[in-house]
Protein chains: 2
Amino acid sequence: MSDLKSAGYRLTQSRAAVVRIIDESNGWLRPEQVHTQAKKYCPSIGLVTVYRTLALLVEHGYIRRIHFDDKCHGYARVELSHGHHLVCRGCNQTIEIAGTEDLRPLMKQVQNETGFVIEDHLLELVGLCRECQHIPTRPRNHHG
Amino acid sequence: MSDLKSAGYRLTQSRAAVVRIIDESNGWLRPEQVHTQAKKYCPSIGLVTVYRTLALLVEHGYIRRIHFDDKCHGYARVELSHGHHLVCRGCNQTIEIAGTEDLRPLMKQVQNETGFVIEDHLLELVGLCRECQHIPTRPRNHHG
DNA sequence: TCCTTATTGATAATAATTTTCATTATGACA
DNA sequence: TGTCATAATGAAAATTATTATCAATAAGGA
Ligand SMILES: [Mn+2]
Ligand SMILES: [Mn+2]
Ligand SMILES: [Zn+2]
Ligand SMILES: [Zn+2]
């Protein structure tokens, strides 16, 4: 948020609300969900502004888009490491993966073998968190 | 294609056309593109059938969805290895990455640290192919 | 406090994908 | 090889996701 200020962006109510919602969540959220929840802090916020803010936050590396098999996307906070995510398909809990330097050798190998210059990569792990493993059928939200 | 037959699906003209187009392409294709090109082999094919066929092929592991920063998705063939892709952002050429067993240790480590059971993963590398590196500004399609 | 203008929200417009449903073509079987 | 049940198709309509417009508003520097 302060990064945005120093980048010349205004610190608006709407933006603060979106950031706050994302910070409070421990899982990924869809734009629609962010919108609904952000109204808690900025009742007048519109869905369009949510989209705009999410794009801004992605651009500045504060959040990252999560991809699924079906059409819709989610957004989750990037904390410290390289920004890759481990997603529970039961409860949507999303945590960041550390130690993706392990990918370096693979990258190097691929560059050598293909002649490509690799500029970016996307890594996403999907599974079941400890809690969701114990729920027999169709695991569901035990987190907010 | 023969997998589909043994799975009880009918081998229709439309499906054959879609598979053929995907086989002939050495890059990812969007549904719209698949539709346009598939008409070569099945002039009556509709876009809806393309969507349905792509979903079927994804389901059966024959193709995989490619994710981008912007909204739209592409589909690329899965050949032999684990199904991860290296995508040229210049010409859309898409080749499969071998050697993703390199990810095993990372997986194991993550499982131990988080308690998650990892069921699936998505890895996508983006960069510039040899040819596109030599094109100064905004690299473009030199492949079909 | 005043003023400039970046940002917003409502609305409309696009783009992407799915549903519906009557028609067609596949493939099992006689 | 012809018949038949039905899986699959295509046209059109309906949804969903996302983006563009534009007049009104609110940040924040002076
Ligand atoms: Mn990384
Ligand atoms: Mn995606
Ligand atoms: Zn869970
Ligand atoms: Zn290229």
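Since the structure is predicted, the reported quantities are computational estimates derived from the model, not experimental observations. Reminder, nothing fancy here: chain letters follow the sequence lines and each chain counts from 1.
The main-chain N or O of B:Asn112 is never found under 3.5 Å from a side-chain atom of B:Thr114 such that the two would form a donor-acceptor pair. A distance-only check finds no donor-acceptor pair linking the side chain of A:Arg20 to the backbone of A:Tyr41 [under 3.5 Å].
The 5' end of DNA chain D is approached more closely, in terms of each residue's nearest nucleotide, by B:Arg52 than by the other of B:Arg52 and A:Val48. Nearest-nucleotide positions on DNA chain C place A:Ser44 closer to the 5' end than the other of A:Ser44 and B:Leu11. Summary of the strand contacts: B:Arg30 and A:Cys42 both lie near DNA chain C, and taking for each the nucleotide with the nearest heavy atom, the more 5' one is attributed to A:Cys42.
Within the 4.0 angstrom heavy-atom criterion, only backbone atoms of the sugar-phosphate kind lie near A:Gln13; the bases stay farther away.
Rounded to an integer number of Å, the gap from OH of A:Tyr51 to P of D:dT16 is 12 Å. For the pair A:Leu47 CG and C:dT8 C1', the interatomic distance rounds to 13 Å; values are reported in whole Å. Put simply, OH on A:Tyr9 is 15 Å from C1' on C:dT5, counting in whole angstrom units. What separates CG of B:Leu56 from C1' of D:dA7 is a distance of 12 Å, to the nearest Å. Remark: P of C:dT8 and CG of A:Leu54 are 12 Å apart, rounded to the nearest angstrom. The interatomic distance linking A:Arg15 (CZ) with D:dT25 (C1') rounds to 14 Å, in whole Å. The distance between atom CD of B:Glu59 and atom P of D:dA8, rounded to the nearest whole Å, is 12 Å. Rounded to whole Å, atom P of D:dT16 lies 18 Å from atom CZ of A:Phe68.
The base of D:dA8 has none of its N or O atoms less than 3.5 Å from a complementary donor or acceptor on the side chain of B:Arg10.
The side-chain heavy atoms of B:Tyr62 and B:Arg77, taken from C-beta on, include a pair separated by under 4.5 Å.
For B:Thr12, a side-chain nitrogen or oxygen approaches OP1 or OP2 of D:dT9 to under 4.0 Å.
Aromatic ring pairs are classed by plane angle as parallel below 30°, tilted from 30° to 60° and perpendicular above 60°; the pair B:Trp28 and B:Phe68 is tilted.
When the shell of 6.0 Å around NZ of B:Lys40 is examined, it contains more than 12 heavy atoms from other residues, nucleotides or ligands.
Out of C:dG9, D:dT9, C:dT17, the shortest distance to the side chain of B:Ser14 is found at D:dT9.
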